[in-house]
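To keep things clear, I will list the structure first and then write my remarks on it.
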Amino acid sequence: MPELPEVETVVRGLRRVLPGRSITRVRLGKTDFIDDPAALYEALPGRRIARVERLGKFIQIELEPGGGAQGCEARVNLMVHLGMTGRLAVRSPDEPVAPHTHGFFHLDDGQELRYTDIRRFGRILLLDDDGITSLQARLGQDPLEITAQEFCRQLGRRRAGVKALLLNQTVLRGVGNIYADESLWRARIHPARLGARLKVAELRRLWQSLQRVLRAAIGSRGSSISNFLDAEGKPGGYQRWHRVYRRTGKPCPRCGAAIRRATIAGRSSHYCLRCQPPPRSRPVAKRRRA
DNA sequence: AGCTCTTCCTGAAAGC
DNA sequence: TGCTTTCAGGAAGAGC
């Protein structure tokens with residue numbers, strides 16, 4: 001489940017090898033997660049990679065103008081969203097191809113950039129600079145860049161549950177289920193509390209907790225839960241530091257009470273009921289099923 | 001407009 | 001043992 005720290009880890013890995021390389025050839029397997037497969041074949045060959053950036057949970061591979069079948073002058077960005085199980089890694093063609101590898105981007109040094117995605121919840125698309133601008137406008141601010149004041153303003157005016165707000169990419173870009181749960185536990189805020197009902201002191205605590213958790217996770221090269229691997233194929237180490245995520249029934253590291261699990265905002269949520277008191281007016285949402 | 005819920009997909013793990 | 005069910009979840013799209 002690549003979230004901001006995992007995507008940042010992949011981006012840093014790719015940044016060490018991709019800039020300056022050109023894409024010579026594109027091969028695709030299943031394409032149901034690619035917006036416009038024909039555009040990849042058409043626009044990418046001959047293009048040189050300028051930079052690799054992160055935009056929320058998107059990996060942005062900037063390609064220089066020129067190249068492509070049309071010899072197009074506009075700059076193009078290869079955007080890759082890893083979804084749940086996506087992996088993007090540079091491999092030698094001799095190395096065995098992992099199952100569910102659906103994208104091969106051959107490079108001018110003989111290596112291959114490979115995209116592997118078991119569940120195909122990921123997404124690949126091309127964006128020109130206008131497309132980047134409108135994507136940026138659609139997304140909220142990066143949680144590592146947003147100021148405390150702006151964070152409090154954005155969350156404090158919303159009536160949705162705070163966990164739903166953290167997961168909403170138009171509020172903040174990059175937070176997913178793991179780091180939402182971990183930062184809420186650190187800030188001692190129940191995930192079902194409503195944004196507008198949080199005190200400023202609580203919102204400030206959440207802002208700081210989120211920053212600390214994300215920075216620590218980047219320092220550990222992300223969390224490997226299901227099958228996250230970075231650009232070199234190595235797992236992250238932050239799962240050892242998870243305090244509540246997937247620790248249902250285990251003691252809260254702060255107070256010893258058993259960690260609870262409930263579905264909140266449509267996601268499995270983990271929290272300590274003693275450290276994170278639930279909202280009084282609305283009991284914790286229980287999942288109903290048809 | 002704001003918010004919640006369902007749906008897509010596969011494999012691991014739990015349940016029977 | 002082997003089959004079935006549940007769970008994992010990012011985000012588009014439907015529905016309220």
Side-chain angles (χ1 to χ4, degrees), chain A residues 1-8 10 29-36 54-59 79-88 98-103 115-125 127 131 134-140 142-143 153-182 184 191-198 222-229 235 239 242 244-249 259-270 279 281-290:
Chain A
M1 43 219 67
E3 306 179 25
L4 188 154
E6 290 75 34
V7 177
E8 181 65 28
V10 172
K30 291 190 180 177
T31 57
D32 54 350
F33 60 96
I34 300 174
D35 283 33
D36 186 354
R54 178 180 62 76
L55 188 53
K57 295 179 197 171
F58 282 94
I59 297 163
M79 307 298 290
V80 180
H81 195 302
L82 301 177
M84 273 284 293
T85 52
R87 288 181 194 168
L88 197 55
H100 307 286
T101 300
H102 298 299
Y115 182 73
T116 306
D117 192 347
I118 296 171
R119 291 179 217 175
R120 304 202 304 284
F121 273 23
R123 193 175 166 201
I124 296 181
L125 69 160
L127 290 179
S134 64
L135 175 62
Q136 244 161 353
R138 201 162 67 237
L139 296 173
D142 193 285
R153 200 174 73 83
Q154 291 295 335
L155 275 76
R157 67 176 182 177
R158 300 291 214 109
R159 268 164 283 282
V162 63
K163 169 114 182 209
L165 293 173
L166 287 175
L167 295 179
N168 185 339
Q169 302 298 297
T170 68
V171 175
L172 280 179
R173 59 179 194 239
V175 181
N177 207 35
I178 298 173
Y179 300 103
D181 278 4
E182 291 297 315
L184 286 167
R193 297 274 306 280
L194 304 187
R197 293 271 180 92
L198 293 171
S223 301
S224 286
I225 290 291
S226 56
N227 63 350
F228 168 73
L229 296 175
Q239 63 280 3
H242 291 177
V244 286
Y245 184 77
R246 290 223 187 164
R247 298 189 72 250
T248 311
I259 301 296
R260 307 282 191 113
R261 190 188 83 83
T263 298
I264 296 169
R267 288 284 164 268
S268 163
S269 299
H270 311 79
S281 51
R282 202 179 63 162
V284 171
K286 281 274 184 261
R287 180 96 163 165
R288 54 177 170 72
R289 185 67 217 163

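Since the model is a prediction, treat every value here as computed from it, not as a measurement. In the text below, chain A, chain B and the rest are named by the order of the sequence lines, each starting its count at 1.
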Under-3.5 Å N/O pairs linking protein and nucleotides 11-14 of chain C:
residue, atom, partner, partner atom, Å
C:dA11, OP1, A:H81, NE2, 2.1
C:dA11, OP2, A:K57, NZ, 3.2
C:dA11, OP2, A:Q169, NE2, 3.4
C:dA11, N6, A:R267, NH2, 2.8

Would you list the protein and nucleotides 9-11 of chain B atom pairs, both N or O, that sit under 3.5 Å from each other?
residue, atom, partner, partner atom, Å
B:dT10, OP1, A:R120, NH1, 3.4
B:dT10, O2, A:R119, NE, 3.2
B:dG11, OP1, A:H100, NE2, 2.8

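- When the salt bridge (charged side-chain N to carboxylate O under 4.0 Å, His left out) test is applied to A:D35, the partners found at least two apart in sequence or on another chain are A:R123.
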Can you give me the dot-bracket string for DNA chain B, 5' to 3', counting Watson-Crick and G-U wobble pairs with both distances under 3.5 Å, using [ ] for crossing pairs and | for partners on another strand?
.|||||||||||||||
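- Whole-Å rounding puts the A:I264 CD1 to B:dC5 P distance at 11 Å.
- Partners of A:R159 by salt bridge (charged side-chain N to carboxylate O under 4.0 Å, His left out), not counting sequence neighbours: none found.
- Taking the side chain to side chain donor-acceptor pair (under 3.5 Å) definition, one finds that A:T170 meets it with A:N168, sequence neighbours left out.
- In this structure, A:N177 places its CG atom 9 Å from P of C:dA8, rounding to the nearest Å.
- Residue A:L139 contributes atom CG, which lies 15 Å from atom P of C:dG10 at whole-angstrom precision.
- Rounded to a whole Å, the CZ atom of A:R261 is 13 Å from the P atom of B:dA14.
- Residue A:M84 contributes atom CE, which lies 14 Å from atom C1' of B:dT7 at whole-angstrom precision.
- Applying the side chain to side chain donor-acceptor pair (under 3.5 Å) criterion to A:R153, with sequence neighbours excluded, gives A:E150.
- Put simply, CG on A:N168 is 15 Å from P on B:dA1, counting in whole angstrom units.
- Partners of A:S269 according to the side chain to side chain donor-acceptor pair (under 3.5 Å) rule, which considers only residues two or more places apart in sequence or in another chain, are A:K163.
- Here C:dG10 presents its P atom at 17 Å from CZ of A:R173, a figure rounded to the nearest Å.
- The salt bridge (charged side-chain N to carboxylate O under 4.0 Å, His left out) check on A:R120 picks up A:D32, with sequence neighbours excluded.
- Atom NE2 of A:H270 sits about 6.0 Å away from atom CG of A:D181, to the nearest 0.5 Å.
- More than 12 non-hydrogen atoms from other residues, nucleotides or ligands lie less than 6.0 angstrom from CZ of A:R247.
- Atom C1' of nucleotide B:dG2 and atom CG of A:L165 are separated by 11 Å, given to the nearest angstrom.
- For A:E6, the side chain to side chain donor-acceptor pair (under 3.5 Å) criterion is met by A:Y179, not counting sequence neighbours.
- Scanning for ring-ring contact (aromatic ring centres under 6.0 Å, His included) contacts around A:H100 gives an empty result, with sequence neighbours left out.
- When the salt bridge (charged side-chain N to carboxylate O under 4.0 Å, His left out) test is applied to A:E182, no partner is found at least two apart in sequence or on another chain.
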